[in-house]
Amino acid sequence: MEFKDRHILLGITGGIAAYKSVELLRLLKKAGADVHVAMTEAALQFVGRTTFEVLSENCVLTNLWKDTASSVTHIDIATSIDAAIIAPATANFIGKYAHGIADDALLTTLLAVTSPVMICPSMNTDMYQNIRVQRNLDILEQDGIHILDPDDGVLACKTVGAGRLPDPWFIFDRLCKLLTPKDLVGRQILVTAGPTIEAIDPVRYVSNHSSGKMGYAIAEAAEQRGARVTLISGPVSLDPPVGVECIFVESCEQMAAAVFSHLAAADIIVKVAAVADYRPIDPGTRKIKKNQASKEITIAMTENMDILNRIGELKTDRQFLVGFAAETNDLEKHALAKIKKKNLDMIAANLVGTGDSGFKTNTNKVKLFFKDGSSKDIPLMDKHKVAHILLDTIIEQTG
Ligand code: PMT
């Protein structure tokens, strides 16, 4: 998600996990956000103000009497931000915030905030589970404050249990979700992504260059927009998108089985996976040995099921089916042929082999084609942005 023109208040309270807030700030800045940092006196015991000032390119607010350009700086910040994120949030902070106490710059600023607030509790497990802390968290939740549960793990105090501040990328991801309009609530989306691999023998396989980036971007964007998402993925080296049901498969046969067991529940199906069209007929159970007598080897292949084609035959009127087409030439001709043959509602045709579009790249150049022959050009852009435009278009088409 882009944070360009977004203003964020990053509140940091005094816990050992305060060092992770540096990385969170870096992620926010990288996404284009204007970030104002407010730190408690205790937070300053863990991480220096200078680090946050340099990275945020803004003055850090710690003291209402000393750090402010005007007597109402905290109000200016509170009224200009799109969201506030408090990471880490200590038991002390949670207790005071739940009861409207405003005895430092961060708490005072937060009382004037009307935009969404997310807090990330982080502390020793017994402290976190303490009935008073839980009661205070309940109060905040009932007041509409978003609570990001801490992770389980080994804590700084060597306790093993709940209380770890989640990784900065995860906090960033959940903040993105908080700020994303929820226009897919109530929709169930099935996405396939990545390549399939078809065994030749126990150590070798036939596959393709799909990295999963395009499909994962669609699954992630749909989840952030409120959809329930199932992602069926071939082998890739990406982290599973947060909040998405992920099913990992290898071959076309396994992908087909997973797709057909989830098909009935789906309202929208987006088939991004690069499925192998053929598989070795008889994958050996032993490694094929080098043949000294011949320099050539022939592997007999047979056609795989065309999963998309079969979905097109089975789909009901309430289901919206989107295919992808990876083409090196004659994009329009091939895309229009596929939309008809496979009974699709829409196809996203992308050029492959251009260096900045298609397999493995972070960007993609896509043209969308519809059943009635019309089309929509999407300029070359980041796959995450393509994902949002694709979802915008699906919403337009499905009403
Ligand atoms: O994963 P990335 O590195 O980000 O790359 C993204 C991508 C280039 C893989 C993606 O944008 C894309 O184009 N995916 C479709 C690739 C493909 O297999 O195209 P195709 O023209 O061969 O297949 C057309 C459609 O039929 C696809 O929706 C495919 O999922 C489906 N198909 C194909 C063969 C088969 N046996 N079963 C299928 O369901």
Side-chain angles (χ1 to χ4, degrees), residues 8-29 33 35-53 55-56 60-63 77 81 83-99 101-111 113 116-130 132-141 143 145-178 242:
I8 306 293
L9 169 64
L10 171 60
I12 304 163
T13 69
I16 183 63
Y19 74 94
K20 291 190 186 174
S21 313
V22 178
E23 180 61 12
L24 177 58
L25 170 57
R26 215 187 55 80
L27 291 172
L28 288 164
K29 288 294 289 181
V35 186
H36 288 272
V37 177
M39 299 174 75
T40 62
E41 288 293 335
L44 289 168
Q45 302 295 319
F46 290 94
V47 198
R49 158 204 300 265
T50 314
T51 307
F52 290 102
E53 241 154 32
L55 291 176
S56 72
V60 169
L61 184 64
T62 55
N63 186 316
I77 292 175
I81 57 168
I85 173 94
I86 317 303
T90 60
N92 183 44
F93 164 83
I94 291 166
K96 288 181 180 175
Y97 188 33
H99 291 88
I101 295 169
D103 65 354
D104 65 20
L106 172 60
L107 284 158
T108 309
T109 307
L110 281 175
L111 284 194
V113 169
V117 178
M118 178 181 274
I119 70 167
C120 309
S122 169
M123 63 200 75
N124 161 274
T125 307
D126 290 333
M127 284 173 79
Y128 175 65
Q129 286 167 350
N130 186 291
R132 292 160 195 86
V133 173
Q134 288 299 318
R135 196 159 49 220
N136 290 334
L137 285 169
D138 286 346
I139 291 173
L140 289 172
E141 196 158 31
D143 288 350
I145 305 298
H146 301 267
I147 316 284
L148 193 66
D149 290 338
D151 281 349
D152 280 10
V154 183
L155 307 181
C157 56
K158 307 281 186 284
T159 309
V160 180
R164 280 186 73 211
L165 186 69
D167 286 338
W169 67 264
F170 183 84
I171 301 175
F172 176 75
D173 183 275
R174 294 301 82 187
L175 184 61
C176 289
K177 179 166 185 183
L178 185 66
V242 179

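We count residues from 1, following the sequence as given.
Of all heavy-atom pairs between Phe170 and Val242, the closest is CE1-CG1, 3.3 Å. Gly15 and Phe46 get closest at one heavy-atom pair: O-CG, 3.6 Å. Closest approach of Leu106 to Gly11, counting heavy atoms only: CD1-CA, 3.8 Å. The two residues Ser122 and Ala17 make their nearest non-hydrogen contact at OG-CB, 3.7 Å.
Looking at Tyr128 and Leu155, their side chains never come closer than 4.5 Å, going by heavy atoms from C-beta outward. Between Leu44 and Phe52 the shortest side-chain heavy-atom distance does not fall below 4.5 Å. Ile145 is not listed as a side-chain neighbour of Glu141, based on a closest heavy-atom distance of 4.5 Å or more. Residues His146 and Leu140 form no side-chain contact, since every pair of their non-hydrogen atoms from C-beta on lies 4.5 Å or further apart. Side-chain contact between Ile171 and Leu165 is present, with at least one heavy-atom pair separated by less than 4.5 Å. Proximity of Leu148 to Ile119: side-chain heavy atoms (C-beta onward) are nowhere separated by under 4.5 Å. At least one side-chain heavy atom of Val35 sits less than 4.5 Å from a side-chain heavy atom of Lys29. Between Ile77 and Val113 the shortest side-chain heavy-atom distance does not fall below 4.5 Å.
Applying the salt bridge (charged side-chain N to carboxylate O under 4.0 Å, His left out) rule to Arg174 yields the partners Glu223; only residues at least two apart in sequence or on another chain are considered.
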Pair Cys120, Ile85 - check side-chain contact (heavy atoms from CB on, under 4.5 Å), show working. CA-CA 8 Å; Cys120 309; Ile85 173 94; 3.8 Å; yes
Go through Asn136 and Tyr97 one step at a time and tell me if the side-chain contact (heavy atoms from CB on, under 4.5 Å) criterion holds. CA-CA 8 Å; Asn136 290 334; Tyr97 188 33; over 6 Å; no
Report the C-alpha distance between His99 and Ile139 in whole Å, list the side-chain angles of each, state the deciding distance to 0.1 Å, and finish with yes or no for side-chain contact (heavy atoms from CB on, under 4.5 Å). CA-CA 9 Å; His99 291 88; Ile139 291 173; 4.0 Å; yes
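Asn130 contributes no side-chain N or O that, together with a main-chain N or O of Asp126, makes up a donor-acceptor pair within less than 3.5 Å. Judged by distance alone, with hydrogens and angles left aside, the side-chain atoms of Gln45 form no donor-acceptor pair with the main-chain N or O of Gly14 at under 3.5 Å. With hydrogens and angles ignored, the 3.5 Å screen pairs a side-chain donor or acceptor of Arg49 with a backbone N or O of Val60. Remark: side-chain polar atoms of Thr108 are paired, donor with acceptor, to backbone N or O of Ala102 under 3.5 angstrom. Proximity of a side-chain donor or acceptor of Thr90 to a complementary backbone N or O of Thr13 within less than 3.5 Å is not detected. Here the side chain of Asn124 pairs a donor or acceptor atom with the backbone of Met127 at under 3.5 angstrom.
Taking 4.0 Å as the cut-off between side-chain N and carboxylate O, Lys96 and Asp103 count as a salt-bridged pair. Ion pairing between a basic and an acidic side chain is recognised when a charged N comes within 4.0 Å of a carboxylate O; Arg26 and Glu23 show such pairing.
Judged purely by distance below 3.5 Å, without hydrogens or angles, the side chains of Asp104 and Thr40 never pair a donor atom with an acceptor atom.
Taken from CG in Asp149 to CG in Leu137, the straight-line distance is 8.5 Å, to the nearest 0.5 Å. Rounding to the nearest 0.5 Å places CD1 of Ile12 at 8.0 Å from CG of Leu24. Atoms OG1 and CZ, from Thr125 and Arg164 in turn, are 11.0 Å apart once rounded to the nearest 0.5 Å.
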